[in-house]
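This report concerns only the one structure given below.
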Amino acid sequence: MNIKDRARKILGSMHDYSVEELKEALIKLDVQKSEAEAWLEAPGLRPYYRKLLYADERVELLAMNWADIECAPHDHGASTGWIQVLSGATRHTVFQVEKGHLPEALFTEIKKEGVLLYAPQHGVHKMGREGINPLITLHLYSPPIRGMKVYDLKKCAACIVSSDCGAWWPEETRQKIKEINLKNFT
Ligand SMILES: [Fe+2]
């Protein structure tokens with residue numbers, strides 16, 4: 001069964017969308033690097049190319065093919081999720097954030113192929129490719145991400161972006177739902 005059919009079968013029949021159930025569903029999907037690769041294109045000048053593999057009103061599954069450019073710090077709005085490293089390694093930074101202020105980096109960790117990363121509701125993080133091996137990741141979120149907030153630390157600003165925008169400052173005005181000016185901690 002191909003990846004989209006498995007996703008429809010497994011994700012489409014979930015009854016409970018708790019953190020543990022989401023993790024179990026991602027493990028059960030058992031997506032291989034080669035399967036995800038078949039759906040991915042080159043990222044071009046953006047941090048990653050994103051491909052939506054499954055979505056319903058409760059859950060979405062995306063694969064991402066990374067360039068050697070890290071994404072901007074961002075949250076996933078009210079969504080919770082898991083990220084699986086299918087290939088390569090990622091440099092993952094977690095931030096703390098206070099309303100109205102710029103996020104501050106708490107720690108950076110390296111996560112290799114096979115690892116699952118938990119992405120909590122309203123948690124701010126950024127990711128990038130570590131090393132030269134291609135980085136491919138698989139993302140399962142519930143509910144589907146709406147109202148993702150992307151930060152520009154140099155501009156001291158945040159932007160709520162539309163659901164077709166990735167974790168980077170929007171290039172098109174229509175992708176900017178709301179722009180917010182922030183205060184620096186110092
Ligand atoms: Fe993210």
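These values consider heavy atoms only, across backbone and side chains, with no hydrogens, waters or symmetry-generated copies. Every number for a ligand or one of its atoms is a count from 1 in the order of the listing. Numbering of residues begins at 1 and proceeds along the displayed sequence.
Ring geometry for H92 versus H125: interplanar angle over 60°, hence perpendicular rather than tilted (30 to 60°).
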Discussion item. Side chain to side chain contact (heavy atoms under 4.5 Å, CB included), that's the test. Do T137 and M127 meet it? Break it down for me.
Written reply: CA-CA 10 Å; T137 52; M127 292 173 67; 4.0 Å; yes
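Outside the 6.0 Å centre-distance limit, the rings of W82 and Y141 are not counted as a close aromatic pair.
The Fe ion (ligand 1) has no N, O or S atom of H139 inside 2.8 Å of it.
Residues I145 and S79 share a closest heavy-atom pair of CA-OG, 3.4 Å.
For H74, the N, O or S atom closest to the Fe ion (ligand 1) goes by the atom name NE2. Counting just the N/O/S atoms of H125, the one with the shortest distance to the Fe ion (ligand 1) is named NE2.
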